[in-house]
Amino acid sequence: MATFSEMVLVLDFGGQHNQSIARQVRELHVYCEMHPYNLSLAAIRQINPQGIVFSAGPAGVADPGIDELGIPIFRADAHQTPEGMAKLRDFLYGVCGCRGNWTMAKFVEEQIRLIKAKAGDRKVLCALSGGVDSSVAATLVHRAVGDRLTCVFVDHGFMRLNEPERIVKTFREDLGMNLVFVPAAERFLQKIAGVTDPEAKRKLIGTEFIRVFEEEAAKLGTVDFLVQGTVYPDVIESSTATGTVIKSHHNVGGLPEDLRFELIEPLRMLFKDEVRAVGQELGLSEDLIWRQPFPGPGLAIRVLGEVTRDKLDQLRLADDIVFREIKAAGLYRQIWQSFVILPTTMKSVGVMGNERTYAYPAVLRAVTSQDAMTAEWARLPNELLERISSRIVNEVPGINRVVYDITSKPPGTIEWE
Ligand code: XMP
């Protein structure tokens with residue numbers, strides 16, 4: 001699916017850093033695609049790349065005939081040192097003769113042309129979550145087809161404080177899109193009433209999401225296309241021959257395969273930083289572009305134990321304090337995710353004024369990461385931890401203690417459920 005005249009092939013030999021070479025090539029403004037190391041010679045000939053880069057890794061050997069194809073090869077290592085980048089630049093521009101035509105401005109222009117050609121005057125539907133990927137994908141498609149795009153945003157009631165209102169305002173008022181807002185909090189809450197098992201919660205929410213989405217889609221009459229915010233790491237992971245990366249979650253908010261739509265996936269060849277750059281190119285706000293990842297089932301998997309409206313409200317207040325304090329400290333972008341977990345299966349004793357309290361603890365979780373596959377607990381400044389703790393305990397009724405999770409992934413996961 002090369003949309004650019006210049007293209008370099010990165011052969012993936014596995015290993016933890018198997019995507020970073022491809023990212024480096026793109027950073028040097030050369031479009032590249034990553035394929036498994038054992039890609040056939042016929043397939044390589046058909047792609048007809050300007051050059052081939054081998055990513056260093058433990059997996060097998062490429063077809064020996066690859067050297068006879070007459071395409072320049074040289075073997076990159078994944079460490080992003082200045083010397084490594086200089087060597088890579090020299091290879092791409094000096095040896096392969098690339099000119100560096102991969103820019104986000106050109107990508108946007110090209111995609112708008114492609115989407116227009118594909119969709120014609122037919123109707124397009126998008127399930128909007130408010131996350132970076134679906135937001136950028138929807139905005140790009142909107143540029144191409146305008147009012148023929150309808151976005152459906154299902155509020156399952158497990159969003160962060162004021163998030164549904166913010167999403168509606170951004171997409172309906174600021175960006176002028178057709179947005180169907182589905183307030184379904186009560187319905188989802190009833191579905192998971194009394195459920196404490198994390199996987200059961202996820203499944204129920206996921207199934208209900210699809211049901212609600214299908215009901216809304218049916219109201220729109222004939223729709224031919226569905227926009228999905230699939231990004232390149234997902235594409236690579238599902239096609240990797242080395243099997244080093246195994247995704248543990250399906251996105252809740254992900255849709256079943258038997259929906260009768262043709263897919264429009266404008267971001268499927270982009271890495272996350274490129275998705276952000278496209279968002280910037282399209283004029284989306286910094287808040288939206290830099291939003292931290294948020295799980296599909298939302299706060300329902302951060303209230304440990306049975307989920308109720310009251311517990312969700314408590315968690316929302318505590319979570320909002322963390323969000324604001326991390327922002328005020330200028331750390332929001334550096335941190336992959338920062339949030340609160342409310343373990344409502346335990347209470348502890350505290351003292352407030354002259355009163356004994358017996359209430360829930362709040363668990364603060366903040367991690368740094370590149371891709372959520374591994375993560376380090378964030379070394380937050382003590383003064384910030386102090387402010388967060390004191391604000392949560394003083395401002396959120398029902399919480400009398402704050403603890404900080406200092407477990408990295410592995411062995412911990414980012415979420416607690
Ligand atoms: P874990 O907890 O496995 O999370 O370290 C890795 C990343 O995935 C997110 N996550 C989910 N995302 N549906 C989602 O869409 C889910 O059920 C789900 N569970 C975890 C998590 O927030 C982190 O970014």
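As the structure is a prediction and not an experimental result, all values here were calculated from the model. As the structure lists them, so they are numbered: ligands from 1, and atoms in each ligand from 1.
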Candidate pair Leu161 and Asp319, rule side-chain contact (heavy atoms from CB on, under 4.5 Å), full reasoning: CA-CA 8 Å; Leu161 193 70; Asp319 183 72; over 6 Å; no
Phe339 six-ring centre to Arg302 NZ/CZ under 6.0 Å and within 45° of normal: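 Relative to the ring axis of Phe339, which defines the angle, Arg302 lies inside both limits.
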Identify, by atom number and element, the atoms of ligand 1 in contact range of [X], meaning under 4.0 Å from any of its heavy atoms.
X: Gly296; answer: 12 (N), 13 (N), 14 (C), 15 (O)
X: Pro297; answer: 13 (N), 16 (C), 17 (O)
X: Lys409; answer: 1 (P), 3 (O), 5 (O), 6 (C)

Side chain, backbone, both or neither: the part of Arg202 lying under 4.0 Å from ligand 1 by heavy atom: side chain
Side-chain touch Lys201/Pro297, heavy atoms, less than 4.5 angstrom: no
Arg26 and its salt bridge (charged side-chain N to carboxylate O under 4.0 Å, His left out) partner, picked from Glu274, Glu33, Glu6: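 Passing option: Glu274.
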N or O contact, Ile414 vs ligand 1, cut-off under 3.5 Å: yes
Phe323 and Tyr332 aromatic ring geometry - parallel, tilted or perpendicular at 30°/60° bounds: perpendicular
